[in-house]
Visitor: 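For reference, the structure I am asking about is given below.
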Amino acid sequence: MHRLTVALALLATLVGGSYTGARAVSAERSTPDKSRGTNILVVGIDSRAGLSAAEKRRLNVGGKGCNCTDVMMLVHLSEDTRRASVVSIPRDSYVQYADAQAPAKASGPARRGKINGAFALGGGPLTVRTVEKATGLHIDHYLETGFTGFERAVDDLGGATVCTDKPLKDENSGLDLTAGVHRTDGRGALRYARARHVQPPGDLGRVRRQQRLVTNLLARLTAEGALSGPLSTARTARTLLKSVRTDDRTGLDDLVRIGLALGRLRADRTEFATVPIRLFDHRVPGVGSTLVWDEARSAALWNALRADRPVTGDARIQPVPEAVAVTNPAWIAVRVDDPTVAAALRRSGFAVTDTSKSAPAARPSGPAVIRYAPDRQADAATLAAALPGARLQAVAHHGPSFDVTVGTGPVRVRTVTYDRNRAEGAPVTANALRCAGPPAAQAFTAGAAR
């Protein structure tokens, strides 16, 4: 159990400031009714306090911190300790704050804003109360930490494994990662998990990478036999408490107890999810661009945790559309040599160019053919879902557009559904997030893959 708690505590340090030691965070509050199981809130703080100019440059964390949470994960350990559910709460989630002590700029008793702003208003205690208010769940334990603690802890644990199926580069975080599986140091892991300006952009993709980082750290620690018993778990917990803050109800004995339980879990008994979003760019005057939760789906998520049920496989949390688009059709440029098929694909959201005027007089025999560049497999799967029965043909040196050639056979165009929640944050088990294959032979110890 401690393996997951350790990894999550490490993850929380992705965005926090530098702490020289642990201290208790008071969490006096009125809370919702106690639910089954144990709920742990893990946060990382976006603060540059205590960092020198050289440290900011080295970690690529220049600029002004907001003194707000930048990573937030709610960990639910089932009552029978046989399952763990980890739910990421995006930093820009638009919620109602709990009773803030700071004076509100807007009139009225209920102040709303991004969930990461609760920390700036009232620190850890208000953050906990706000999460409880938004989710209806009782928080039993609270962990908080920052940038340098994460880097140091990853290095002390022998590095982390990260992976990507395509190159990732983000100047803001300093990430420069080639496709494949890599072993990285703490600085590189920090860059991987903080990157926001990559495809897909924004918080959901970043949150999924954070979940992947946690999963692979757990897998490696388990494979190496680390933290396998009470003594080793206690040693690691003591190390973490040098850079991780806890509330006044969370001590070393709690971390050891939780850690030992999580250490017995198989990967298929550890779930990861992101709160389902309904509006991805909800503009609020004075607040900016926010994320609005899908009311029904997020309520189903919190209800499942409250009832101590799994979140994977629950259609109320993640509905299954008839035809799933794994990537966004709006990003897929398609040239189609039949006007009817072109119009139908356009209605399904694809960026379509009608090339029927240059189509051959005699159609090739058989079904439609989709030609594309070999590195566009995911987009090809989305287009194939819209054209069931079409033949896929990867062509070396093919351009960025997809070419659809309609043959003599009938063509059926099916409406596909692209759901960013499914594509970037659907509930999955740890098995689905683990990197495939061993890390590259050359580790990047300078924080970059090149």
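Since we're looking at a predicted model, the values are computed, not measured. Just the heavy atoms: all of them, side chains too, but no hydrogens, waters or symmetry mates, feed the values below.
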Visitor: Any luck finding a side-chain donor-acceptor pair between Gln211 and Ser88 under 3.5 Å?
Guide: yes
Visitor: Go through the steps to decide whether Arg83 and Asp308 satisfy the test salt bridge (Lys or Arg N to Asp or Glu O under 4.0 Å), and finish with yes or no.
Guide: CA-CA 9 Å; Arg83 183 183 62 258; Asp308 210 23; 3.8 Å; yes
Visitor: Under the salt bridge (Lys or Arg N to Asp or Glu O under 4.0 Å) test, which residues partner Glu171, sequence neighbours left out?
Guide: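 By the salt bridge (Lys or Arg N to Asp or Glu O under 4.0 Å) rule, Glu171 matches no residue at all.
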Visitor: Please find the pair of heavy atoms, one from Gly180 and one from His182, that lie closest to each other, and give the distance.
Guide: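 Nearest pair, atom of Gly180 first, then His182: O-CD2, 3.7 Å.
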Visitor: Do Thr38 and Asp140 have side-chain N/O donor and acceptor atoms under 3.5 Å apart?
Guide: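 Distance-only check fails for Thr38 and Asp140.
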Visitor: What residues, two or more places apart in sequence or in another chain, satisfy ring-ring contact (aromatic ring centres under 6.0 Å, His included) together with Phe402?
Guide: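 Here the qualifying residues are Tyr372.
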Visitor: Can you name the residues that form a salt bridge (Lys or Arg N to Asp or Glu O under 4.0 Å) with Arg266, not counting sequence neighbours?
Guide: Asp268
Visitor: How close do Pro427 and Ile317 get, heavy atom to heavy atom, and via which atoms?
Guide: CG-CG2, 4.0 Å
Visitor: Apply the test side chain to side chain contact (heavy atoms under 4.5 Å, CB included) to residues Phe280 and Leu204: give CA-CA distance (whole Å), side-chain angles for both, the deciding distance (0.1 Å), then the verdict.
Guide: CA-CA 10 Å; Phe280 283 88; Leu204 263 66; 3.6 Å; yes
Visitor: Under the 3.5 angstrom rule, does the side chain of Thr382 hit a backbone N or O of Val326 as a donor-acceptor pair?
Guide: yes
Visitor: Where is the tightest heavy-atom contact between Ala195 and Asp170, given as atom of each residue plus distance?
Guide: CA-OD2, 3.1 Å
Visitor: Start with the C-alpha gap between Glu144 and Thr127, add the side-chain angles, then the distance that decides, and say whether side chain to side chain contact (heavy atoms under 4.5 Å, CB included) holds.
Guide: CA-CA 11 Å; Glu144 167 200 319; Thr127 298; over 6 Å; no
Visitor: Which of these, Asn116, Val131, Val42, sits in a side chain to side chain contact (heavy atoms under 4.5 Å, CB included) with Thr69?
Guide: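 Exactly one candidate clears the test, Asn116.
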Visitor: Looking only at heavy atoms, what is the nearest atom pair of Val334 and Leu345, with distance?
Guide: CG1-CD1, 4.4 Å
Visitor: Sub-3.5 Å donor-acceptor pair from the side chain of Arg269 to the main-chain atoms of Thr81, do we have one?
Guide: no
Visitor: Identify the two heavy atoms, one from Trp293 and one from Ser298, that lie closest to each other, and give their separation to 0.1 Å.
Guide: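 Closest pair (atom of Trp293, atom of Ser298, distance): CB-OG, 3.9 Å.
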Visitor: Looking at every heavy atom in both Ala267 and Arg434, which two are closest together, and how far apart are they?
Guide: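 Where Ala267 meets Arg434 most closely, the heavy atoms are CB-NH2, 3.4 Å.
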Visitor: Salt bridge (Lys or Arg N to Asp or Glu O under 4.0 Å) with Arg347: which residues, sequence neighbours excluded?
Guide: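 Arg347 satisfies salt bridge (Lys or Arg N to Asp or Glu O under 4.0 Å) with no other residue.
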Visitor: What do the steps show when you test Asp294 against Asn421 for side chain to side chain contact (heavy atoms under 4.5 Å, CB included), and what is the final call?
Guide: CA-CA 10 Å; Asp294 185 292; Asn421 294 293; 5.7 Å; no
Visitor: Quick test of your reading of the model: are Arg187 and Asp185 salt-bridged, counting only N-O distances below 4.0 Å?
Guide: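 Salt bridge absent between Arg187 and Asp185.
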Visitor: For a salt bridge (Lys or Arg N to Asp or Glu O under 4.0 Å) check, start with the C-alpha distance between Glu424 and Arg208, then their side-chain angles and the critical distance, and finish with the verdict.
Guide: CA-CA 7 Å; Glu424 302 173 32; Arg208 189 56 106 191; over 6 Å; no
Visitor: As a test of understanding, state which of His197, Arg194, Arg191 forms a side chain to side chain contact (heavy atoms under 4.5 Å, CB included) with Leu175.
Guide: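 Testing Leu175 for a side chain to side chain contact (heavy atoms under 4.5 Å, CB included) against His197, Arg194, Arg191 leaves exactly one candidate, Arg191.
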Visitor: With sequence neighbours left out, what residues match Arg82 under salt bridge (Lys or Arg N to Asp or Glu O under 4.0 Å)?
Guide: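 Listed in chain order: nothing, the list is empty.
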Visitor: Using modelled atom types only, decide if a donor and an acceptor are shared between the side chain of Thr290 and the backbone of His282 within a distance under 3.5 Å.
Guide: yes
Visitor: Under 3.5 Å, is there a donor-acceptor pair linking the side chains of Asp281 and Ser289?
Guide: yes
Visitor: Suppose the criterion is disulfide (SG to SG under 2.5 Å): which pairs have a residue in residues 151-181, not counting sequence neighbours?
Guide: Cys163-Cys435
Visitor: Dump the intermediate steps for salt bridge (Lys or Arg N to Asp or Glu O under 4.0 Å) on Arg196 and Asp92, then the final yes or no.
Guide: CA-CA 13 Å; Arg196 299 179 69 190; Asp92 292 339; 3.7 Å; yes
Visitor: Just by distance, do the side chain of Asp254 and the backbone of Gly251 share a donor-acceptor pair under 3.5 Å?
Guide: yes
